[in-house]
There are 2 protein chains.
Amino acid sequence: MTLVDWTARFQGTAALPRDVRDRLQRSAQTVRYAAGKSVFGPSNIPDSLMFLVDGTIRVSQTSENGRDIVLYRVEAGESCVLTTACMLAEEAYNAEGIAETDVTAIILPRTSFDQLVSEEPAFRSFVFAAYSRRLIDLLRVVDDVAFGRIDVRLAERLLGLARDDQDIATTHQQLASELGTAREVVSRVLQDFAKRGLISQTRGHVTLTDRAGLRAIAQS
Amino acid sequence: MTLVDWTARFQGTAALPRDVRDRLQRSAQTVRYAAGKSVFGPSNIPDSLMFLVDGTIRVSQTSENGRDIVLYRVEAGESCVLTTACMLAEEAYNAEGIAETDVTAIILPRTSFDQLVSEEPAFRSFVFAAYSRRLIDLLRVVDDVAFGRIDVRLAERLLGLARDDQDIATTHQQLASELGTAREVVSRVLQDFAKRGLISQTRGHVTLTDRAGLRAIAQS
DNA sequence: ATCCTTCAGTGATATTGTCACCCAAACCGA
DNA sequence: TCGGTTTGGGTGACAATATCACTGAAGGAT
């Protein structure tokens, strides 16, 4: 898939001017990452912009003492502005992007990116919107972490992660990393949920047995 | 001050093309806010971009139950991208900008902003850099709130807020709002600092008496 | 089977947040 | 100048969350 196709598919923009288009065809490249691979990180600073065609990238931050927190996820049709931010600010940051599923993306060198931004208003608004969405995502994270209760946050995540069969294949440690807390804390809250009949657990699995009950907790 | 002057002063860019310049002179306006006034907020969504000429804007987030946390400050020469983000994402957010000192700013209607971004590469990079800086600021806030100890964070803030005379005119409540914690917590930590000879307190004032000691705490 | 790694459970303790107060300093009008 | 009022700060009890140091169980590998 080319970047032109990508913009057409996800942004609904009309075809770009032919000369822009030709430049893009030449400069954009498709890359793939297997699930679990690091897409970018402190030790792996990209010099290109990424546009996700398929899959999910989980962006999380790791503390000195090894605790994690998930900042947001990049889905197909979105771009990963944090890499841009890093490139532009040329500042160290400790966020890392991990391919949560197999990932296909288009990368665009910075010079081409600059051109496209200047010449295509639709692309430009897309980029600004992407930045805006991330800023707002982060505001939400700050709000949750600073003021939220973990039982509420955990209930939210469980509802968000559950498939139709209500089963979530995850460990307590992974859930703790989602929320930026410790495994023991998650274990205790899940035990409480189980005692109240909201979920059931086996090793490596959480099954939702009362979504309505969880929603009640998530909303408080 | 015009926006053209502003870019020259803070961005070091050469004069803009004459036609762009003329458009700007016509569309940009200077606004002033007295210290303490709300510059933007959930109930006061701006439709223009702001560029700070003088003063400081404190951007903070308020939780349901009234606790605050300071996200970052906008200083002279910077722009407030959160308003942009809000405009573009057209999503609700609960951050608010308060003039911390008397503030002078230039506002630019959105259409003019779009034009300038598309026509002036230097301005465009400025805007991207502004976004990037805020993203990184927020990463820092997330890290602090999720993983930091309050004594460490409080020591950092005290060092950052102190003037040369080592005196800070602030209340415990204000410090609590900086960190997103409760007043009682700040009171107790400050008492501990005072007991250890790092600070002294009077009503409405904190005086640093041992900066080195505070730095030692701030680094841990 | 037996080891071995990963996952989960638990008690003790530290840190931080919440609640319900109290008291004192500064402010303000009469 | 007095007395009331507002604001800032102190305190104890308790709740929520984090940390530490373990334990044992589940499931995979040899």
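Every value quoted in this text rests on a predicted model; they were computed, and no experiment measured them. Every chain is numbered from 1 and lettered A, B, ... according to where its sequence line falls, protein lines coming before strand lines. Scope of the values below: all heavy atoms of this structure, side chains included, with no hydrogens, waters or symmetry mates.
Distance Gln173(B) CD to dG17(C) C1': 13 Å, rounded to the nearest Å. When rounded to the nearest whole Å, the span between CD1 of Ile69(A) and P of dA18(D) equals 10 Å. In this structure, Ile168(A) places its CD1 atom 16 Å from P of dC7(C), rounding to the nearest Å. Rounded to an integer number of Å, the gap from CG of Leu154(A) to C1' of dA8(C) is 15 Å. dT15(C) atom P lies 9 Å from atom CG of Asp151(B), rounded to whole Å. Distance Lys195(A) NZ to dT10(C) C1': 11 Å, rounded to the nearest Å. Rounded to whole Å, the distance from CG on Leu175(B) to P on dG10(D) is 12 Å. We find that CZ of Phe147(A) is positioned 16 Å from C1' of dT17(D), with the value rounded to whole Å.
Considering Thr181(B), Leu175(B), Val152(B), Leu154(B) as possible partners of Val189(B), the one that fulfils the side-chain contact (heavy atoms from CB on, under 4.5 Å) test is Leu154(B). No option in Arg183(A), Arg67(A), Arg73(A), Arg58(A) other than Arg73(A) meets the salt bridge (Lys or Arg N to Asp or Glu O under 4.0 Å) test with Glu178(A). Put simply, the residue from Asp144(A), Asp143(A), Asp137(A) that forms a salt bridge (Lys or Arg N to Asp or Glu O under 4.0 Å) with Arg140(A) is Asp144(A).
Residue Arg203(A) places its side chain closer to dC7(C) than to any other of dC7(C), dG10(D), dC19(C). Ranking dG17(C), dG9(C), dT10(C) by closeness to the Arg67(B) side chain, first place goes to dG17(C).
Judged by closest nucleotide on DNA chain D, Gln191(B) is the one of Gln191(B) and Asn65(A) placed further toward the 5' end.
Residue Gln174(B) has no polar side-chain atom (N or O) positioned under 4.0 Å from OP1 or OP2 of dG8(D). For the OP1/OP2 pair of dT17(D) and a distance below 4.0 Å, the side-chain nitrogens and oxygens of Thr181(A) include no atom meeting the criterion. Under 4.0 angstrom from either OP1 or OP2 of dG9(D) there lies no side-chain N or O belonging to Ser187(B). Of the side-chain N and O atoms in His172(A), one or more sit less than 4.0 angstrom from OP1 or OP2 of dG9(C).
With 3.5 Å as the limit, one finds a donor-acceptor pair spanning the side chains of Ser38(A) and Glu96(A). Inspection of the Thr56(B) and Glu75(B) side chains reveals an N or O donor paired with an N or O acceptor under 3.5 Å.
Note on Glu184(A): a base of the nucleic acid sits closer than 4.0 angstrom, heavy atoms only. Heavy atoms of Arg183(B) sit under 4.0 angstrom from at least one base atom. Residue Leu190(A) is classed as having no contact, given no heavy-atom separation below 4.0 Å to the nucleic acid.
For dT19(D), the base has a donor-acceptor partner in the side chain of Arg188(A) [N/O atoms by modelled type, under 3.5 angstrom].
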